[in-house]
Amino acid sequence: MSDIIQLLPDHVANQIAAGEVVQRPASVVKELLENSIDAGANTIKLIIKDAGKTLIQVIDNGKGMTVTDARLSFERHATSKIRSAEDLFSINTKGFRGEALASISAIAHVELKTKQDGDELGTLIKIEGSTVKHQDVTVTPKGTSLSVKNLFFNIPARRNFLKSNNVELRHIIDEFHRVALAHPNIAFVMYHNGSESFNLPTSNYRQRVVNIFGGKTNEKLVPVEEETEVLKISGFVGKPEFAKRTKNEQFFFVNDRFIKSAYLNHAINSAYEGLIKDGSYPSYFLNLTVDPKTIDINIHPTKTEIKFDDEHTLYAILRSAVKHSLGQFNIAPVLDFDRDNNLDTPYDYKNKGVSSPSVEVDRSFNPFQEETRTSKSTHIVASYKKEPAAQWESLYVGLESKGTKTERHFSEVEFESESENTSLFSEDKLVETTQTTYQLLNKYIISTIKSGMMILDQHRAHQRILYEGFLKHLTIKEAVSQQLLFPLTLEFSLSEMELLLQLKEDLEHTGFVFSAFKDNTISITGVPVNVPESEVSIILEQLISDVEQEVTDSNFSATDLLAKSMSKSLAIKTGQSLTKIEQEHLVNSLFACKEPSVSPTNRVTFITMSVDDFDKKFM
Ligand code: ADP
Ligand code: MG
């Protein structure tokens with residue numbers, strides 16, 4: 001039998017390797033930016049067209065390459081950064097595998113222009129799918145310009161696999177942020193489709209964070225500094241009250257390299273324990289410096305995961321450093337671990353009852369403010385703690401005659417947990433009905449029906465009602481809005497702004513009126529009827545987070561998503577007690593819906609039990 005094993009030709013090997021290094025345009029961006037940093041550049045320009053599908057270009061003023069190096073740089077395993085296996089233990093550069101340029105040039109049209117300081121002329125090389133098409137001398141400034149066009153031109157399957165431009169651009173911006181955050185001493189500019197998206201001058205770390213995430217970030221940063229024998233920590237964490245609903249302000253850098261570490265993330269979360277509510281994430285921008293010998297960055301081809309020799313120690317140091325900073329800046333007052341979690345709910349506004357319009361929105365509930373609230377609420381907190389029976393008593397409220405002691409107690413609790421959301425039920429609905437409803441555990445509404453009984457999930461039911469309402473407004477485009485006395489100004493990062501801009505028109509159809517929509521700032525002069533001003537920033541943040549999660553799914557509809565997201569933010573929550581009238585209104589409105597049986601996210605809204613079912617149980 002003849003031999004059958006052959007060595008793969010280089011261009012095939014490169015294409016295979018490329019699959020590992022280049023998943024999407026953002027991977028190219030990362031590799032090129034890192035090469036420029038390794039080349040000692042202090043100004044780096046990133047130019048993107050059509051989310052990188054048409055063009056990705058990086059121009060730097062680094063040390064450039066000689067003719068020979070320029071040619072060699074596209075060979076696989078060609079690197080100037082390590083020479084022997086030992087060097088792997090003292091890596092101070094971003095790259096070291098010598099794979100990026102070989103991989104990229106295997107699957108795109110690449111043009112390199114490079115010149116070293118002191119040379120009169122530079123080198124121009126054009127490569128398409130690993131084949132050198134053109135090489136020449138050229139006039140070019142000191143440094144390197146590398147442009148990558150038509151990514152995946154020879155792998156149609158990969159090209160078709162790319163997501164929408166919005167999604168791909170988000171990935172690119174994420175990579176850009178990571179690299180720019182790790183190097184505040186380098187100036188970065190980014191252009192997308194001819195307009196400037198970011199302009200980040202060299203600055204200190206705080207300014208870099210603020211330049212990327214917007215002016216509002218400044219006030220929320222708390223410095224963290226710690227130096228021990230094994231680890232140096234520097235950077236910032238966010239004040240707990242600014243915790244976000246998304247994880248997109250969480251950054252760890254180890255020796256100037258962005259990394260992901262669930263374990264270290266856990267250390268931070270544990271430092272915030274009791275300070276932020278579930279579903280919120282603290283912001284952090286932390287640089288860890290360790291001896292390169294104590295880490296292994298080689299375990300992942302795209303190098304965002306690394307292995308530490310002594311993770312446990314790092315965990316402990318990190319946690320205590322963050323705790324210390326939060327404490328030092330008087331952000332972590334005395335903790336009360338006996339608190340009833342049910343009271344730490346988003347619909348429990350600390351600003352409730354304040355009537356003057358305020359521009360600063362209380363974006364998150366601070367559980368510690370609770371203790372200084374009115375004596376009335378303290379009394380209720382106490383009564384919850386000391387009399388667990390009270391909750392049981394409230395079970396019978398609907399069945400008792402008016403004026404009993406229990407009912408008075410119940411109505412106090414009810415008042416306390418009532419939110420502005422209740423205005424969703426307009427007063428003119430105060431109609432007498434004979435239907436009897438009953439609220440169970442502030443979660444379910446029980447209603448008698450002809451055949452027996454119906455149990456309805458109040459949160460899901462209300463979501464359905466709001467969702468259909470918003471959808472209607474969005475489709476017929478004539479929502480009613482309520483004018484704000486003073487415009488509400490909110491700040492967002494540029495990438496969040498980009499996202500909101502895409503939804504602006506739809507938001508207007510729900511009743512939002514914007515007077516300004518530029519740079520980092522949105523001014524709102526009108527909001528949809530029944531949307532409390534204090535909820536606006538929560539709605540928009542929720543929306544951003546929903547869109548970010550949803551867009552990965554290519555066929556999402558902005559209208560539907562907006563309606564879903566807003567109904568999620570605004571629906572009455574589990575734990576909120578409702579008056580009889582509200583309960584009845586909820587039931588009636590649900591059955592006026594087109595699809596009453598499921599929530600907008602397809603969860604069951606109610607179940608029924610017939611008298612027959614009961615009879616069977618009593619047999
Ligand atoms: P690695 O970065 O792992 O060494 P690359 O394929 O990314 O591998 O780059 C190969 C080599 O090309 C680098 O080691 C470097 O010497 C050179 N190079 C790449 N980009 C630049 C640049 N922007 N400026 C100067 N040299 C560069
Ligand atoms: Mg590289």
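Both ligands and their constituent atoms are indexed starting at 1 by order of listing.
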**OP:** Go through ligand 1 atom by atom and flag the ones less than 4.0 Å from a non-hydrogen atom of Ala100.
**Re:**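 Counting from 1, the qualifying ligand atoms are 6 (O), 7 (O).
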
Sequence neighbours left out, cut at 3.5 Å: what donor-acceptor pairs do the side chains of residues 57-67 make with other protein atoms?
| residue | atom | partner | partner atom | Å |
| --- | --- | --- | --- | --- |
| Gln57 | NE2 | Ser145 | OG | 3.0 |
| Asp60 | OD1 | Gly62 | N | 2.9 |
| Asp60 | OD1 | Thr144 | N | 3.0 |
| Asp60 | OD2 | Ser36 | OG | 2.7 |
| Asn61 | OD1 | Asn42 | N | 2.9 |
| Asn61 | OD1 | Thr43 | N | 3.1 |
| Asn61 | ND2 | Asn42 | OD1 | 2.7 |
| Thr66 | OG1 | Asp69 | N | 3.1 |

Original post:
Stepwise, does the side-chain contact (heavy atoms from CB on, under 4.5 Å) test hold for Glu505 with Leu503?
Top reply: CA-CA 6 Å; Glu505 216 177 297; Leu503 294 164; over 6 Å; no

**OP:** Begin with the C-alpha distance, continue with both residues' side-chain angles, and end with the deciding distance and a verdict on side-chain hydrogen bond (donor to acceptor under 3.5 Å, both in side chains) for Asn520 and Lys216.
**Re:** CA-CA 9 Å; Asn520 276 311; Lys216 65 170 176 184; over 6 Å; no

Out of curiosity, is [X] lining ligand 1, as in a heavy atom under 4.0 Å away?
| X | result |
| --- | --- |
| Gly62 | no |
| Glu31 | no |
| Asp38 | no |

Original post:
So does Thr79 have any N/O/S atom less than 2.8 Å away from the Mg ion (ligand 2)?
Top reply: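 Here the distance criterion (N, O or S atom, under 2.8 Å) is not met by Thr79, so no.
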
Original post:
Between Tyr284, Phe308, Phe258, which is the residue that forms a ring pair (Phe, Tyr, Trp, His ring centres under 6.0 Å) with Phe252?
Top reply: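 Considering Tyr284, Phe308, Phe258, a ring pair (Phe, Tyr, Trp, His ring centres under 6.0 Å) with Phe252 is found only for Tyr284.
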
Subject >> CA sep, side-chain torsions, deciding dist, call: Ile173, Phe198, side-chain contact (heavy atoms from CB on, under 4.5 Å) >> reply: CA-CA 9 Å; Ile173 291 176; Phe198 291 94; 4.0 Å; yes

Subject >> Within-cut-off N or O pair, Leu101 and ligand 1, under 3.5 Å >> reply: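 Between Leu101 and ligand 1, an N or O pair is found under 3.5 Å apart.
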
**OP:** Return yes or no for this condition: an N or O of Asp60 is under 3.5 Å from an N or O of ligand 1.
**Re:**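 Asp60 vs ligand 1: N/O contact under 3.5 Å present.
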
Original post:
According to the interplanar angle, ranging from 0 to 90°, do the rings of Phe213 and Phe285 count as parallel (below 30°), tilted (30 to 60°) or perpendicular (above 60°)?
Top reply: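 Correct class here is tilted.
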
**OP:** Pick whichever of Gly64, Ser80, Ala39 has a heavy atom sitting closest to atom 16 (O) of ligand 1.
**Re:**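 Minimum heavy-atom distance to atom 16 (O) of ligand 1 goes to Ser80.
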
